[in-house]
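Working notes for the structure below.
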Amino acid sequence: MRLHGYWRSNATYRVRVALLLKGIAFEEIEYDLLKGHQFDAAFLALNPNAAVPALEVEGRVITQSYAILDYLDTLPGGPALLPSDPFDRAEAIALAMGTIADAHPLIVPRIRKRLAEHHGADEAAVKGWARHWLTEGAAAYEARLSRRKPDPYLFGDTVGLADIALASHVVAGGPFDVDLSPFPILSGYVERLLALPAFAEAHPFRRKEIVEAG
Ligand SMILES: N[C@@H](CCC(=O)N[C@@H](CS)C(=O)NCC(=O)O)C(=O)O
């Protein structure tokens, strides 16, 4: 499989974790989103939405991190990313959407660029905007986690979509100086997740090291 992504990309991080958890071999192709490489004709042929990740599998292309994880979950091997119980499954998807559908879309490069170029936001204002939405999302996760205590993970003995999404939410907050001290359950849990091999190996900083090493 070929993962078209960007080392900093939060949505690509989610897919990288899932591929590693599932033990699937993949190569990764980098697009510098801050330089506009998502608008290159060759990439638009893969994803007309001009966003990473895009996963190429046997000549076909899947976009959207949630759709990609859903696809990967149909393949044999590795832990199930979604619980089998219908209510748990719905809850896991809802938890994941807190970041995938709600918070993360508000802070992606195209939004930050639009704020800066068309709404007079300077660098501090753009950073504050991203910090605001990620903090709101973190507060909601803290409340949800106080009701559903990970044992040892959110939906049982193995990590899955909800854990990946939570970790990606916290990782996204790094560059925007999100203060996690009001959210001890979330930060403690994600610290534990980030120490797991797939999460650590997929981490944007680790990916950056690999890209820079060539
Ligand atoms: N909902 C999509 C998000 C895709 C997305 O917006 N990706 C960002 C990087 S994390 C991107 O490529 N942005 C390009 C841009 O904003 O110009 C997913 O979960 O895959």
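FYI, side chains are in, hydrogens and waters are out, and symmetry mates aren't considered; it's all heavy atoms of this structure. Remember, it's 1-based here, ligands and their atoms both numbered in the order they're listed.
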Item checked: For ligand 1, the residues whose heavy atoms come within less than 4.0 Å (ordered by chain, then number) -> S9, N10, A11, R14, L33, Q38, A50, A51, V52, P53, Q64, S65, I100, H104, V108, P109, R110

Item checked: H169 versus L134, closest heavy-atom pair with distance -> NE2-O, 2.9 Å

Notebook entry, point to check: Would you say the side-chain atoms of N49 pair up with the backbone N or O of A51, donor to acceptor, closer than 3.5 Å?
Noted result: no

Next item on the list: For a side-chain hydrogen bond (donor to acceptor under 3.5 Å, both in side chains) with E30, tell me which candidate from K208, H37, R207 qualifies.
Entry: R207

Next item on the list: Heavy atoms only: give me the nearest Y141-A96 pair and the separation to one decimal.
Entry: OH-O, 3.8 Å

Next item on the list: Measure from the side-chain N and O atoms of R148 to the backbone N and O of L154, and report whether any donor-acceptor pair falls under 3.5 Å.
Entry: yes

Checklist line | Rounded distance [0.5 Å steps], CG in L20 versus CD1 in I164 | finding: 10.0 Å

